[in-house]
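Worksheet for the structure shown next.
Given the structure is predicted, the values throughout are model-derived calculations rather than measurements. Each chain gets a letter, A, B and so on, in the order its sequence line appears, and its residues count up from 1.
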Amino acid sequence: PEVKLLKDEL
Amino acid sequence: MNIFRLAGDMMHLFSIIVLLLKINATRSCRGVSLKTQELYAIVFVCRYLDLFTSFISLYNTTMKLIFLLSTFTIIYWMRFHKVIRVTYDREQDTFRYQFLILPCFLLALVLNNEFSAMEVLWTFSIYLEAVAILPQLVLLQRTNNIDNLTGNYVFLLGSYRALYILNWIYRFMTEPNYRQYLVWISGIVQTIVYIDFFYYYIRSWRNNEKLSLPA
């Protein structure tokens, strides 16, 4: 699954 | 941050600047879809809820605020500005966007990484962004005389999406454990939506003709 930390994109 | 990501973000920023300048300088929003702008407003509000919960970088926060503020400015102008609102193509901009919003929301309820309010809204914004340009493309098809700036606006937005794909490929190759399948698939769908437009945009540019999309 995706990691929450990855939400660095706009 | 890699060069593709930065270039993509800059394209996104330029697209918005072009739109703001066009509307402000010509006092006209002819050819601009209010529905697409409203969809983007929903996208940004749902996605950037994390402005309240997490801080990533000054760059990140600034860009999010710019996207939110500029989109709401455009919507305000198109709806309420006494000169600009008269130029809005109300009769042409008839795309029924509830048919985009509802399926995207249902999909986000089913297909997400975590069933929480924040995560579902975030996923919803990812799906909705993929199709948010559709009302604008339909309006361009109906507009006989697409002005350069509106064409450039859509071209810059499409370029931003294409550059994000390069950014994902780069990150996938350089960062361990970097995966985000839902975002990738939505992003690829979003870019495919632009292919037809790109074809006619580049053709009109090469032939030195005015841009027009076949209905």
Would you check if the side chain of D8(A) reaches a backbone N or O of I56(B) as a donor-acceptor pair within less than 3.5 Å?
no

Can you tell me how the ring of Y76(B) sits relative to the ring of F80(B), calling it parallel under 30°, perpendicular over 60° and tilted otherwise?
tilted

Walk me through it: do R161(B) and Q190(B) pass the test side chain to side chain donor-acceptor pair (under 3.5 Å)?
CA-CA 7 Å; R161(B) 293 318 306 179; Q190(B) 187 172 356; 3.2 Å; yes

Honestly, the part of D9(B) sitting under 4.5 Å from a heavy atom of chain A is side chain

Give the member of F67(B), Y59(B), Y164(B) that has the highest number of heavy-atom pairs under 4.5 Å with chain A.
Y164(B)

Sort out for me which of R5(B), K64(B), R47(B), M1(B) touches chain A most, counting heavy-atom pairs under 4.5 Å.
R5(B)

Is the shortest side-chain N to carboxylate O distance from K22(B) to D147(B) below 4.0 Å?
yes

